[in-house]
There are 2 protein chains.
Amino acid sequence: MKASTDQVLKQSRVQRLEQTPTSELPRPSRNARGESPCAACPVRDMNVCGALTDTDLATMNAISTDKTFERDQTLIWEGEAAGEFFIVSEGVAKVFKLLPDGRRQITGFLYPSDIVGLASNERYAYTAQALTPMRVCRFPRSKVLELFDEMPVLCRKVCCVASNELAAAQDQMVLLGRKNAAERLASFLLLLLRRKHLRGEEGQAIDTPMTRAEIADHLGLTTETVSRTVTQFRKLGHIELDGPHHILVRDEPALADLAAFDDPDGLPHTASF
Amino acid sequence: MKASTDQVLKQSRVQRLEQTPTSELPRPSRNARGESPCAACPVRDMNVCGALTDTDLATMNAISTDKTFERDQTLIWEGEAAGEFFIVSEGVAKVFKLLPDGRRQITGFLYPSDIVGLASNERYAYTAQALTPMRVCRFPRSKVLELFDEMPVLCRKVCCVASNELAAAQDQMVLLGRKNAAERLASFLLLLLRRKHLRGEEGQAIDTPMTRAEIADHLGLTTETVSRTVTQFRKLGHIELDGPHHILVRDEPALADLAAFDDPDGLPHTASF
DNA sequence: ACCTTCCCTTGACTCATCTCAACGAACCCA
DNA sequence: TGGGTTCGTTGAGATGAGTCAAGGGAAGGT
């Protein structure tokens, strides 16, 4: 359901962002210079868009609008009519469901190239809220569905994305159902690191714009337990902190051991539709 | 998936299994009488197959083979090359992932009309094993993917299925991350009951071919906790037992209260691709 | 500068669930 | 018919994570 955790991960075709060290990242300003906004999009080659030809992309572009959100603004509300898909081009968001008494489960975090709104039915089954300022591409659901017919590759790619998200969701079930606090945190940190690399960014530093409470609500723990476990990892030398929202992974193998990844090589999967 | 005439379908859609008391259930024997096996398929009108015309169904049928499994036999193995999809026509299976030390998370149970093998990439990310004798339709992955092009409705329907499964996975995350033992069991029982009704079977009796340990591995609990919680529900009068594998839901509202369903009306969603 | 608020961290204690253990029932097979 | 095995149930005790509480630091507003 929601674009969550993994879609990006699973996408292998990613080379884009990592080339930036040499040349400054061309920040996509919307419709700058009158050419297709996609041309300058940082996620142009990733996920769904990466599967499209320039022509198809132009078609998609014709039905999309650029939109920005401030921190804490809501992209979609659980229960509202599901009218739109979004593809994240910049920023981070959380996707969550609430129980009647206020308990919250964050099903995933959205990073650039992630899609949200897909798993919806008539109404959204979750809420998505910006953790940082965001820029997204917005697509009217109805128009995308129309495009499915004339652009079969789009439908296939959406299948592929949904399938990858499903696999990620299953990994998360293993985490929530069968891992202890340390294993959960280790898995989470490695996942963020892996996704960062898939986005083409290098280095062992991950930034975590989410609060401890948000991490807790994602991992099925409490704020205090997350905080204690982070401290424990720091004392063990597995990680290093530069403020609560910048974590440097010092001993990836140690974390991988803890995480008990089913997927030992850590390579991303790519659904082959 | 198989082509058929519709008459049978309409009734099959809902009435099938419960009528068995009076008339013997017409077991679909494969290719009996040389007509399309779909004609007699109990799930002809459900899920993917329900979206297809007779013509399309015939096309699908041409690439499918019927297959049966005994209890405990494995449909697919985690890590093996993902070459096939299955649609369950009879029986129940469990789908699970293992951690290296043997901990197991059962991500779901498959009932007639459910699909398995979809969420795969190059290799299956989970194992599926029969809980009862089963009959399934088997489709070579490659051929189905080819069909996507000539049968757009198929691709859309697969999107739809994946999307619905994703939504179910997210509900399961809420359960695993934020619900206590009683809430988990209540949610689980109601889900089984709801699915039973969706399959067209009536009544408040659910049969649970899975063991307590399997329920536990699905709900992120232990055998003992499941057993104790079942006993507790029985003593409260919420349920009634007729052996460990037949549970009669006596007080559905009480369970619904406990379950804290996000979806109060309990209506199934249907993705609208 | 000061106040407020939010977030993170840490400590002490509690509790829901797990673990360990025992036992009975059902089933299978010889 | 009997022995072995698996499964479900129940009890008693252990423990990992939750709860409650306190304090400090950073950020933002006036």
Whole-Å gap separating [atom2] ([N]) and [atom1] ([X]):
{"X": "B:I247", "N": "D:dG8", "atom1": "CD1", "atom2": "P", "result": "11 Å"}
{"X": "A:L176", "N": "D:dG16", "atom1": "CG", "atom2": "C1'", "result": "16 Å"}
{"X": "B:L185", "N": "D:dG8", "atom1": "CG", "atom2": "P", "result": "13 Å"}
{"X": "B:I215", "N": "D:dT9", "atom1": "CD1", "atom2": "P", "result": "9 Å"}
{"X": "A:R103", "N": "D:dT19", "atom1": "CZ", "atom2": "C1'", "result": "15 Å"}
{"X": "A:R184", "N": "D:dG16", "atom1": "CZ", "atom2": "C1'", "result": "11 Å"}
{"X": "B:L241", "N": "D:dT10", "atom1": "CG", "atom2": "P", "result": "10 Å"}
{"X": "B:Q232", "N": "D:dG11", "atom1": "CD", "atom2": "C1'", "result": "16 Å"}

Give me the atom names and distance for the closest heavy-atom approach of [X] to [Y].
{"X": "B:R195", "Y": "B:F109", "value": "NH2-O, 3.2 Å"}
{"X": "B:M134", "Y": "B:V92", "value": "SD-O, 3.7 Å"}
{"X": "A:G220", "Y": "A:L176", "value": "N-CD2, 3.7 Å"}
{"X": "A:V230", "Y": "A:I239", "value": "O-CD1, 3.8 Å"}
{"X": "B:E165", "Y": "A:L166", "value": "OE1-CD2, 3.5 Å"}
{"X": "A:V43", "Y": "A:V88", "value": "CG2-O, 3.9 Å"}

Subject >> Sub-4.5 Å side-chain heavy-atom contact between A:L98 and A:F96 >> reply: yes
**OP:** Please work out if B:T211 contacts a base, only the sugar-phosphate, or nothing of the nucleic acid, heavy-atom cut-off 4.0 Å.
**Re:** sugar-phosphate
**OP:** Give B:G243 one of three labels, base, sugar-phosphate or nothing, depending on what nucleic acid heavy atoms sit under 4.0 Å from its own.
**Re:**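 It contacts nothing in the nucleic acid.
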Subject >> No-H, no-angle donor-acceptor pair, B:R228 side chain to D:dG8 base, under 3.5 Å >> reply: no
Original post:
For D:dT10, does either OP1 or OP2 sit under 4.0 Å from a side-chain N or O belonging to B:T231?
Top reply: yes
Original post:
Can you find a side chain N or O atom of A:T225 that sits less than 4.0 Å from OP1 or OP2 on D:dA17?
Top reply: no
**OP:** Take B:R71 and B:E224, find for each the nucleotide of DNA chain D with the closest heavy atom, and name the residue whose nucleotide sits nearer the 5' end.
**Re:** B:R71
Original post:
5' to 3' on DNA chain C, which nucleotides open and close the contacts with chain A (atom under 4.0 Å from a heavy atom)?
Top reply: C:dC8 to C:dA12
